[in-house]
Amino acid sequence: NSWSEKQELHRQRFKAIREYCRKYRLTLIPQIWNLAAENRHGTNLFLKANAPAFALDGQLTAVDKLHFSAGRLPLPQQIEAKRLENEPSKLEVRWINDENLPVVYAHDELMMVAGYPDHFSEPIATGVERKSGEAVINLHADAQNITGVWLFFKAYKKNGYSSDQYFGI
C-alpha cells in the first residue's frame with residue numbers, strides 16, 4: 001500500500017462521513033438537499049456540509065456542526081429553543097419574524113430533528129407555522145435522552161427549506 005498515514009486517515013474520515021450520510025437516503029433529507037443543491041447533486045452538498053463534524057479518524061466529534069437542512073428559505077435570526085424547566089419533555093421555541101418578510105412565508109412549517117447520544121431522528125413536522133413566532137413542542141417518549149435539536153422551516157408550498165440551527169438541550 002503506497003498510501004501515507006495522513007492519506008489513510010482522510011480515506012477513513014471520508015468513508016465514515018459517507019456511511020453517516022447513507023443512513024438518511026430513504027428519508028426526507030435527500031429531497032431537502034437536492035432542492036438546496038439546485039443544479040448539483042444534493043448528496044455531495046450534504047457530505048460537504050457535514051464533514052466539519054468529523055475528526056480526521058472518522059469519529060463524529062462535533063454534533064453541533066451537523067446539518068440536516070439547507071436552502072434559500074429564510075431562517076429567523078433570533079430563534080431560541082430550550083426545555084421547559086417544569087416539563088422537560090417539552091421544548092419551548094421562540095423566534096422573531098422579520099417584519100419585511102413576504103406574507104407567503106407566514107404558513108411555513110417549523111421542522112425538527114432530534115439528536116440522541118447514538119442516533120438522530122428523521123425530520124419531524126411540528127405543525128407550527130412561522131407566523132406564530134413561538135411554540136411548545138412535545139418531545140418523544142424518550143425525551144430525557146435527547147441531547148439537542150436542529151430547527152428549520154419547510155416552505156408552505158413544499159418546494160423549499162431553510163438552513164437549520166442547532167440547540168443543545
Contacts of Tyr156 that satisfy side-chain hydrogen bond (donor to acceptor under 3.5 Å, both in side chains) - sequence neighbours left out: none
Could you pull out every donor-acceptor pair under 3.5 Å between side chains of residues 41-54 and any protein atom, sequence neighbours left out?
unit_1, atom_1, unit_2, atom_2, d
His41, ND1, Thr43, N, 3.2
His41, ND1, Thr43, OG1, 3.4
Asn50, OD1, His67, N, 2.6
Asn50, ND2, Phe46, O, 3.0
Asn50, ND2, His67, O, 3.1

Results of side chain to side chain contact (heavy atoms under 4.5 Å, CB included) for Ala125 - residues two or more places apart only: Glu109, Met111
Contacts satisfying ring pair (Phe, Tyr, Trp, His ring centres under 6.0 Å) that involve residues 75-98 (not counting sequence neighbours) are Trp95-Phe153
Under the salt bridge (Lys or Arg N to Asp or Glu O under 4.0 Å) test, which residues partner Glu134, sequence neighbours left out? Arg94
Sequence neighbours left out, what passes side chain to side chain contact (heavy atoms under 4.5 Å, CB included) with Arg22? Give chain and number order. Arg18, Glu19, Arg25
Side chain to side chain contact (heavy atoms under 4.5 Å, CB included) with Ala81: which residues, sequence neighbours excluded? Leu91, Val93, Leu151, Phe167
Contacts of His107 that satisfy side-chain hydrogen bond (donor to acceptor under 3.5 Å, both in side chains) - sequence neighbours left out: Glu129
With sequence neighbours left out, what residues match Lys90 under side-chain hydrogen bond (donor to acceptor under 3.5 Å, both in side chains)? Glu87
Going by the rule side chain to side chain contact (heavy atoms under 4.5 Å, CB included), which residues pair with Leu9 if we only count those two or more places apart in sequence or in a different chain? Gln12, Leu56, Asp57
Linking Ile, Leu, Val, Met, Phe, Trp and Tyr by side-chain heavy atoms under 4.5 Å, what else ends up with Val136? Leu84
Under the side-chain hydrogen bond (donor to acceptor under 3.5 Å, both in side chains) rule, collect the residues that match up with Glu38, sequence neighbours excluded. Arg72
